[in-house]
Amino acid sequence: MKIVVLAKQVPDTWSDRKINLETGMLDREASEPVPDEINERALENALLYKDANADTEIAVLCMGPEEAVKTLRKLLSLGADSAVLITDPELAGADMVQTARVLAAAVEKTGGDLLIAGNEATDGRGGMVPAMVAEILGWPVLPGLDDISISTESVTGTAQVDGGTLTLTAPLPAVVSVTEKSAEARFPNFKGIMQAKKKPLESWSLADLGAASPANASARSVMVSATARPPKAAGPKITDDGTAAAQLAQFLMSNQLV
Ligand SMILES: Cc1cc2nc3c(=O)[nH]c(=O)nc-3n(C[C@H](O)[C@H](O)[C@H](O)COP(=O)(O)OP(=O)(O)OC[C@H]3O[C@@H](n4cnc5c(N)ncnc54)[C@H](O)[C@@H]3O)c2cc1C
């Protein structure tokens, strides 16, 4: 069994995240880049299967700038066996469709039986890449799973929908995306960090994949304007002079919060 985990490098959710208002792209200097937490959960699902099935191979794929190597090293230290970074100046500003095309081409090159992704990146938040990759590969997709159960022939999991819980299953090869309710990521230990330095970590360009540059794509989305979110205004301060409850209720009602 070969499991491929899709992992994106994102700005640390605890830091002050900024976009470049000229390009609409993330200001990478403004915050610490880290593996997206949802992708650590994706990897944890693969690791849990590997813990019980030692002949499992886990490869991590990331499309991103060169410094995303740091994210891949961390995921290798958690237990992935190999990693590939697809990086190319032509990919800067790639939209979701182009990202999915590139990742699907990389999966065709690495091979794999099961692809595990996060349901939504914490920065881009398109939530479409896993389904797009599945469509391009012609594989079934099980989106937004809170838990997954893997066998040699199929993958099964549960997803919450309005009014109930669905149990979904698909034969392998398949793509699944997991939610933040899914497996909590483990911490890297010293042995894992040392081993990660020796694990295969390759860097592929568009030419290595035989994939077309986004500039030549027949259809692509283009950012036409970017506006900074207005700074948060300080809220009113309520001093309890005996009318605090009424003031609080008035505040909630006037802001349509109740
Ligand atoms: C040079 C370069 C610069 C980039 N700069 C930016 C940037 O400034 N801002 C930005 O948001 N993106 C950037 N990207 C990445 C790319 O544009 C986005 O990943 C893509 O548009 C996905 O959109 P999303 O985050 O909404 O995905 P979603 O659909 O929300 O992602 C869902 C899941 O798909 C998988 N996935 C998504 N993207 C990737 C990826 N790149 N690699 C591996 N797995 C992935 C993950 O498992 C993720 O949890 C850059 C890429 C390159 C090569």
Side-chain angles (χ1 to χ4, degrees), residues 3-13 17-31 33-46 58-72 74-75 80 83-107 110 112 114-137 141-145 148 175-180 182 185 203-209 211 213-215 217 220-223 226:
I3 302 177
V4 179
V5 175
L6 296 185
K8 184 181 179 187
Q9 179 165 281
V10 298
D12 192 343
T13 37
R17 293 185 280 176
K18 291 190 184 141
I19 55 168
N20 178 321
L21 294 180
E22 275 174 32
T23 62
M25 286 168 63
L26 183 70
D27 180 353
R28 292 190 181 271
E29 305 298 316
S31 41
V34 295
D36 201 344
E37 197 239 327
I38 194 73
N39 298 151
E40 291 191 14
R41 289 177 187 266
L43 174 62
E44 181 63 25
N45 278 289
I58 302 175
V60 182
L61 281 187
C62 173
M63 184 191 106
E66 279 175 23
E67 64 265 25
V69 160
K70 190 181 156 207
T71 274
L72 292 175
K74 171 151 189 217
L75 299 178
V84 176
L85 173 64
I86 304 116
T87 190
D88 195 303
E90 297 263 3
L91 288 171
D95 63 8
M96 282 188 287
V97 174
Q98 186 61 33
T99 302
R101 285 191 185 122
V102 168
L103 292 174
V107 172
T110 58
L114 174 65
L115 202 58
I116 310 182
N119 63 335
E120 181 183 276
T122 52
D123 58 349
R125 298 175 67 183
M128 302 287 287
V129 168
M132 287 174 169
V133 172
E135 169 71 14
I136 295 165
L137 293 171
V141 58
L142 307 184
L145 301 183
I148 64 176
V175 177
V176 303
S177 69
V178 296
T179 71
E180 58 189 13
S182 159
S203 182
W204 294 348
S205 66
L206 276 173
D208 292 326
L209 283 177
S213 138
R220 58 193 288 255
S221 59
V222 176
M223 191 280 299

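In this chain, numbering begins with 1 at the start of the sequence shown. Whatever order the structure lists them in is the order used to number ligands and atoms, beginning at 1.
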request  = Sorted by first residue and then second, give each salt bridge (Lys or Arg N to Asp or Glu O under 4.0 Å) pair with at least one member in residues 120-134; sequence neighbours left out.
outcome  = Lys8-Asp123, Glu120-Arg125

key: side chain to side chain contact (heavy atoms under 4.5 Å, CB included) partner of Ile116, chosen from Leu43, Ile148, Ile58, Val4   = Ile148

request  = Check Leu61, Val60, Val69 against Leu85 for a side chain to side chain contact (heavy atoms under 4.5 Å, CB included) and give me the one that passes.
outcome  =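 Among Leu61, Val60, Val69, the one that satisfies the side chain to side chain contact (heavy atoms under 4.5 Å, CB included) with Leu85 is Val69.
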
Check each N or O atom of ligand 1 against all protein N or O atoms and list the pairs under 3.5 Å, with atom names and distances to 0.1 Å, one per line.
from	atom 1	to	atom 2	distance (Å)
ligand 1	5 (N)	Arg28	NH2	3.0
ligand 1	8 (O)	Leu26	N	2.9
ligand 1	11 (O)	Lys8	NZ	3.0
ligand 1	11 (O)	Asp123	OD2	3.4
ligand 1	17 (O)	Ala94	O	2.7
ligand 1	21 (O)	Ala94	O	3.4
ligand 1	21 (O)	Thr99	OG1	3.4
ligand 1	25 (O)	Lys8	NZ	2.5
ligand 1	26 (O)	Arg125	N	3.4
ligand 1	26 (O)	Gly126	N	2.6
ligand 1	29 (O)	Gly127	N	3.0
ligand 1	29 (O)	Met128	N	2.9
ligand 1	29 (O)	Val129	N	2.9
ligand 1	30 (O)	Ala121	N	2.9
ligand 1	30 (O)	Gly126	N	3.1
ligand 1	30 (O)	Gly127	N	2.7
ligand 1	41 (N)	Met63	O	2.8
ligand 1	42 (N)	Met63	N	3.0
ligand 1	47 (O)	Leu6	O	2.8
ligand 1	47 (O)	Asn39	ND2	3.0
ligand 1	47 (O)	Gly118	N	3.0
ligand 1	49 (O)	Asn39	ND2	2.9
ligand 1	49 (O)	Gly118	N	3.3

query = For Thr71, which residues count as a side-chain hydrogen bond (donor to acceptor under 3.5 Å, both in side chains) partner, sequence neighbours excluded?
reply = Gln9

inquiry  = If the condition is side-chain hydrogen bond (donor to acceptor under 3.5 Å, both in side chains), which residues does Thr87 pass it with, not counting sequence neighbours?
reply    =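 Thr87 satisfies side-chain hydrogen bond (donor to acceptor under 3.5 Å, both in side chains) with no residue once adjacent residues are dropped.
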
message = Using the rule given for side chain to side chain donor-acceptor pair (under 3.5 Å), can you reason through Asp36 versus Thr122, listing the C-alpha separation, both sets of side-chain angles and the distance that settles it, and then say yes or no?
response = CA-CA 7 Å; Asp36 201 344; Thr122 52; 3.1 Å; yes

